[in-house]
Amino acid sequence: MLASCAHSPPTKLTLSDLGTRFWQDTYYLSVTGQPSSIQCDVNSTYKALDDVFVRYKGQDATALFDSDDDLIKINDLKQKCLDKSMIKAAAIK
């Protein structure tokens with residue numbers, strides 16, 4: 001029985017439905033059942049959604065989540081990060 005468990009595919013990561021948190025210029029969204037979260041830093045150099053980097057344990061989070069629901073949550077997080085980044089960029093000028 002243990003041998004069959006050793007060869008089972010890894011469980012896919014999913015994102016929480018609890019919403020994002022913002023603290024010290026970083027947005028966070030919890031990963032269900034994990035102590036870590038995906039993160040996005042506010043950066044005044046962001047000009048478009050494609051510029052925004054969302055990470056999970058230092059890796060690109062978009063490559064680790066593949067459900068439509070999770071990708072929508074990642075895009076929502078990116079949009080919040082971009083909006084706050086653009087406000088920050090305008091304040092610098």
Side-chain angles (χ1 to χ4, degrees):
M1 179 161 168
L2 290 177
S4 66
C5 290
H7 297 293
S8 62
T11 304
K12 285 287 186 182
L13 298 172
T14 58
L15 294 171
S16 169
D17 289 322
L18 299 176
T20 59
R21 298 178 313 282
F22 181 73
W23 187 64
Q24 294 187 345
D25 278 348
T26 302
Y27 279 97
Y28 299 88
L29 179 59
S30 297
V31 178
T32 305
Q34 300 295 317
S36 300
S37 58
I38 63 171
Q39 302 167 6
C40 175
D41 296 324
V42 172
N43 186 327
S44 60
T45 64
Y46 292 157
K47 304 291 185 228
L49 204 57
D50 288 339
D51 296 338
V52 180
F53 180 68
V54 178
R55 66 188 181 282
Y56 177 72
K57 295 184 178 181
Q59 299 178 44
D60 181 2
T62 56
L64 302 173
F65 299 88
D66 61 1
S67 78
D68 289 343
D69 188 44
D70 286 340
L71 294 177
I72 289 169
K73 291 175 187 174
I74 289 171
N75 276 337
D76 288 346
L77 182 71
K78 288 173 82 169
Q79 187 63 56
K80 287 179 182 183
C81 197
L82 177 63
D83 292 346
K84 187 77 108 176
S85 295
M86 294 179 90
I87 290 168
K88 185 176 184 175
I92 292 172
K93 290 182 180 179

Could you tell me the separation between the CD1 atom of I92 and the CD1 atom of I87, rounded to the nearest 0.5 Å?
12.5 Å
When rounded to the nearest 0.5 angstrom, what is the spacing between CZ in R55 and OG in S37?
8.5 Å
D68 atom CG, over 12 foreign heavy atoms within 6.0 Å
no
Determine which pairs satisfy side-chain hydrogen bond (donor to acceptor under 3.5 Å, both in side chains) with at least one residue from residues 69-79, sequence neighbours left out, and list them in order.
D17-K73, S67-D70, D69-K73, Q79-D83
Polar side-chain atom of D60 near backbone of T62 as donor-acceptor pair, under 3.5 Å
yes
Shortest non-hydrogen contact from C40 toward V54:
CB-CG2, 4.1 Å
Specify whether Y27 and F22 have parallel, tilted or perpendicular ring planes, treating 30° as the upper limit for parallel and 60° as the lower limit for perpendicular.
tilted
By side-chain hydrogen bond (donor to acceptor under 3.5 Å, both in side chains) - contacts of D51 (at least two apart):
none
Would you compute the distance between atom CG of L77 and atom CD1 of I72 and round it to the nearest 0.5 angstrom?
14.0 Å
Would D25 and K88 count as a side-chain contact (heavy atoms from CB on, under 4.5 Å) if you check the C-alpha gap in whole Å, the side-chain angles of each, and the deciding distance to 0.1 Å?
CA-CA 10 Å; D25 278 348; K88 185 176 184 175; 2.9 Å; yes
Show your working on side-chain contact (heavy atoms from CB on, under 4.5 Å) between V31 and S36 and close with a plain yes or no.
CA-CA 6 Å; V31 178; S36 300; 5.7 Å; no
Do D41 and T26 have side-chain atoms, one donor and one acceptor, less than 3.5 Å apart?
yes
4.5 Å side-chain heavy-atom contact, I38 and F65:
yes
To the nearest 0.5 Å, how far apart are CZ in R21 and CD in Q39?
9.0 Å
Please report the interatomic distance CG(L13) to CG(L64), rounded to the nearest 0.5 Å.
6.5 Å
For the residue pair C81 and Y46, what are the closest heavy atoms and their distance?
SG-CE1, 4.2 Å
